[in-house]
Protein chains: 2
Amino acid sequence: MNEIRPVRAKSGTNQEGASAHNRRVMIDALRLNGHLSRADLARATALTKQAVSNIIEELENDGLVASLAAVRKGRGQPSTPYRLVPEGAFAIGLQIDRHVTRTIAVDLIGAVLIRKEVNLPGGGPEEGVDAILALIDETRRELVTTAPEFNDRLVGLGVAMPGPFGIDSATDDPWMMAAWQSFPLLERLSEGTGLDVRLQNDAAAAATAEKMVGAAHGIDHAVCVYLGYGLGAGLILNGELYRGGHGNAGEIGMILSRARVGADDARAPIEHRISIASLCKGLDIDPADPDLYRRIDAAAGSKDRRVTDWIAGAAHELRATIQLLETIFDPQTIILCGGMPPVLANLLIDALHPLLPSIAERRQRSTPRLQLGFTDPWAVAVGAAAEPISRTFDPRFSAILKSRVGGTL
Amino acid sequence: MNEIRPVRAKSGTNQEGASAHNRRVMIDALRLNGHLSRADLARATALTKQAVSNIIEELENDGLVASLAAVRKGRGQPSTPYRLVPEGAFAIGLQIDRHVTRTIAVDLIGAVLIRKEVNLPGGGPEEGVDAILALIDETRRELVTTAPEFNDRLVGLGVAMPGPFGIDSATDDPWMMAAWQSFPLLERLSEGTGLDVRLQNDAAAAATAEKMVGAAHGIDHAVCVYLGYGLGAGLILNGELYRGGHGNAGEIGMILSRARVGADDARAPIEHRISIASLCKGLDIDPADPDLYRRIDAAAGSKDRRVTDWIAGAAHELRATIQLLETIFDPQTIILCGGMPPVLANLLIDALHPLLPSIAERRQRSTPRLQLGFTDPWAVAVGAAAEPISRTFDPRFSAILKSRVGGTL
DNA sequence: GAGTTAAGTCAAGACAATTGACTTATTAAG
DNA sequence: CTTAATAAGTCAATTGTCTTGACTTAACTC
């Protein structure tokens, strides 16, 4: 403690870390493959039968896995497959959006257990946070009351709200939620609930949802393009969500468009053409309109000229963005998701084809270059709730390491 | 073996994996901090003094670390700092470029030990590979002869060549090295040398070099923009080089430009304006000119109008690209590197400022948004050689896991 | 010179995976 | 029907690596 010079180093690990990893690997394998016997797991994880047996027994005692009926499949003793027990854990997701606030609870396999939606009272975050805490508490109580098997099974609270976070320049973008950005939300929620709380932006949450229960399930390299009020991307790289140096990776809405606005060189963010906000502008709807979803749905269904114009513009811009993302990330697939009516999503997907040539054009593709993901407005909340589940149960480098105590010399 | 259904799962780990990780963590900590005592290491890695002591003793026996003179720094027993022993390991890097082939050897700390350059005999890869194997062997022998302490210390061979790899459409880009792309180079090199061989594209190799001995040293999130014959980016994400789903991540040269070529909507790859190849075109030099570097240097130094034009065009395009990369990756810094004369690099860096506004504009930056990295033409070869060192000694998730034996049911 | 602080070692203990032999349950072959 | 082959899974002993807590050593401070 004589010098202030910080020592930079990664953490080491020990048997506990290894064991924790192995438990996560078992859960991950069951999540990906549905059900596997102990022998299957031993082969798949490169562990010995005995090690797997011990771990599975432990997980069974913890109520995280359960056996199914034995299966005869040829010579040899029949195998006993194991599956995840959905009731083994649950997490709460909180989505704070511009006009609504939602809570949701999902179980170990990502299934939705309960959901609630409120309009926050006017005023700022200071007033809102109490309402949020009440909503979370209500969600928690209600679930445990109706399904007591979930008692003591809550692993965390995930929060999703529009980013970017921690940016100096309070941009004058009317769709940014400046007040919430500067509010110490996580601290207040953590204090108020006693839970481990983590924040993601909308796109990251949508990607987390796609990864656990959607099109990105089991895919290690995917870019989820999230089209909401704004535009973002959730980056799944090496099987984990990538956050960037300051938690703002994937804010692709702020990429400057290729199209010039006027005669000068000023270019607008692509979000100004690819977003529900821009569609609202075109349709002359207030984005705060509580009936927004239905109105867009109607307009899209009726082939309103203003919708087709928007689609043409958005598709033009988005095609280039997809080519860009493919070029930069070389992902296995790109997933288009967002809280929009399926009619609109399908029109957009159609308008995006044919895609621009890119390195993603390869003969032996196992997944399409572009797929449609969730369009359910609740997907972001699901992703928010899926994050604590993933953090608690998925294999990841950081879960192996010992938690740092000191870190400075 | 009754079903073909593959079981997808991550590998488990055991004490061996944990131990291997801890050894790597020690080496990484010493690499980052220069020298640390056992007590420092224990604090920094969250391991116990005893565990660190054992590991360091082992590493010392293996000739990878060595102690320095004891340091008195206040009360208590003086500490004995340890440092990496450069002679503890070396790796060979092979750079196959359009007009030259280079080999290099670097030691454990990334210092260059020996380097060689040849022009491959005409003909295709089939003729070339024998010359390459001879060159590698010569490099290896010469080093071990002049510095016998390196005997038996070779950890691998890293190869760098222009990407992208494994793309169907043999593009008609005259700068692609189609013949080499389809040649089973790695297999042949692996057979011929008996070494573990890995391939990177130029930009990835440059980033690997920056990470081990350059501007990205100790930085976990950085994008290295590599300006060579073509344009690419080496992505350092979470402290590791990101390769993408098919090993082609970061091929940003193929991003389509914002500028239209003609009146129609056709757009050229930005590489057509940001690359040495494009500069050659502008200067009317054959990129194969053996005197290329000097001629560009002269032109840049003399403020040749054609050079300033190129710089203006490249800077315009590159500014947008930098804004794009910052927006997508939210890195701690962007490093511009490439095999160009420093005069040119500095002119380009100057022309890039002021940078476009982006989320990277934050008050408490510890690193500049854009820095100049290596411009040495040998940097790619260094990066190629640094890869086996990094793979062997740096902490990484995959190093903890047991190697898969089966994997299918 | 006594007390304090910090680095580092010693020896025993704990933990989780490994090893190799064994049991059990089924199909295949003669 | 019997025997062999095959595969799942268990038992008990072993191993390797980190942890624990007491101890030693070497400096500084008062």
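In what follows, chains are A, B, ... by sequence order, proteins preceding strands, each numbered from 1.
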Inset, instruction - Compute the centroid of each ring, for B:Tyr242 and then for A:His221, and state whether the two points are separated by less than 6.0 Å. - result: yes

Inset, instruction - Within residues 48-64 of chain B, find the residues that approach DNA chain C with a heavy atom at under 4.0 Å, and present them sorted by residue number. - result: B:Lys49, B:Gln50, B:Ser53

Inset, instruction - Please check if atom CD in A:Glu16 has more than 12 non-hydrogen atoms from other residues, nucleotides or ligands closer than 6.0 Å. - result: no

Inset, instruction - Using whole Å, report how far CZ of A:Arg72 lies from P of C:dA28. - result: 12 Å

Inset, instruction - Round to the nearest Å and state the distance from A:Asn14 atom CG to C:dC15 atom P. - result: 12 Å

Inset, instruction - Could you say whether A:Ala18 or B:Pro81 is positioned toward the 5' end of DNA chain C, judged by the nucleotide with the nearest heavy atom to each? - result: B:Pro81

Inset, instruction - Kindly indicate whether the side chain of B:Phe90, heavy atoms from C-beta on, has any atom under 4.5 Å from the side chain of B:Leu143. - result: yes

So which protein N/O to nucleotides 3-5 of chain D N/O distances come out below 3.5 Å?
from  : atom 1 : to      : atom 2 : distance (Å)
D:dA5 : O3'    : A:Arg75 : NH1    : 3.3

Inset, instruction - Between D:dG9, C:dT26, C:dT18, spot the one nearest the side chain of A:Pro78, thanks. - result: C:dT26

Legend entry - Rounded distance (Å) that lies between atom C1' of D:dC18 and atom CD of A:Glu16: 10 Å

Inset, instruction - Could I get the full list of salt bridge (Lys or Arg N to Asp or Glu O under 4.0 Å) partners for A:Asp196, not counting sequence neighbours? - result: A:Arg198, A:Arg391

Inset, instruction - Check whether any side-chain nitrogen or oxygen of B:Ser37 sits under 4.0 Å from OP1 or OP2 of C:dG8, and answer yes or no. - result: yes

Legend entry - A:Asn22 side-chain N/O to C:dA16 phosphate OP1/OP2 under 4.0 Å: no

Inset, instruction - Compare side-chain N and O positions of B:Thr80 against OP1 and OP2 of C:dG8 and report whether any pair is under 4.0 Å apart. - result: yes

Inset, instruction - May I have the distance from A:Met26 (atom CE) to C:dA17 (atom P), rounded to whole angstrom? - result: 8 Å

Inset, instruction - From the options C:dT18, D:dG9, D:dC18, select the nucleotide whose nearest atom is closest to the side chain of B:Lys402. - result: C:dT18

Inset, instruction - For A:Arg396, check salt bridge (Lys or Arg N to Asp or Glu O under 4.0 Å) against everything at least two apart and list the hits. - result: none

Legend entry - Under the side-chain hydrogen bond (donor to acceptor under 3.5 Å, both in side chains) test, residues paired with A:Arg23 that sit two or more places apart: A:Ser19, A:Glu58

Inset, instruction - Tell me which nucleotide among C:dC15, C:dT18, C:dT9 gets nearest to the side chain of A:Leu47. - result: C:dT18

Inset, instruction - Look up atom CG in B:Leu108 and atom CZ in B:Arg31, then write down how far apart they are to the nearest 0.5 Å. - result: 5.0 Å

Inset, instruction - Take A:Gln77 and B:Gln77, find for each the nucleotide of DNA chain C with the closest heavy atom, and name the residue whose nucleotide sits nearer the 5' end. - result: B:Gln77

Inset, instruction - Quickly work out the B:Leu41 CG to C:dA7 C1' distance and round it to whole Å. - result: 13 Å

Inset, instruction - Send over the distance from A:Lys73 NZ to C:dA28 P, rounded to a whole Å. - result: 15 Å

Inset, instruction - Keeping to residues at least two apart or across chains, list the ring-ring contact (aromatic ring centres under 6.0 Å, His included) pairs with something in residues 382-403 of chain B. - result: A:His21-B:Phe397, A:Phe397-B:Phe397

Legend entry - Residue pair B:Asn61 / B:Glu57, side-chain donor-acceptor N/O under 3.5 Å: no

Legend entry - Salt bridge flag under 4.0 Å for residues B:Arg243 and B:Glu387: yes

Inset, instruction - Find the distance B:Gln15:CD to C:dA16:C1' and express it as a whole number of Å. - result: 5 Å

Legend entry - Atom pair distance, as rounded to whole Å: CZ in B:Arg43 and P in D:dT19: 16 Å

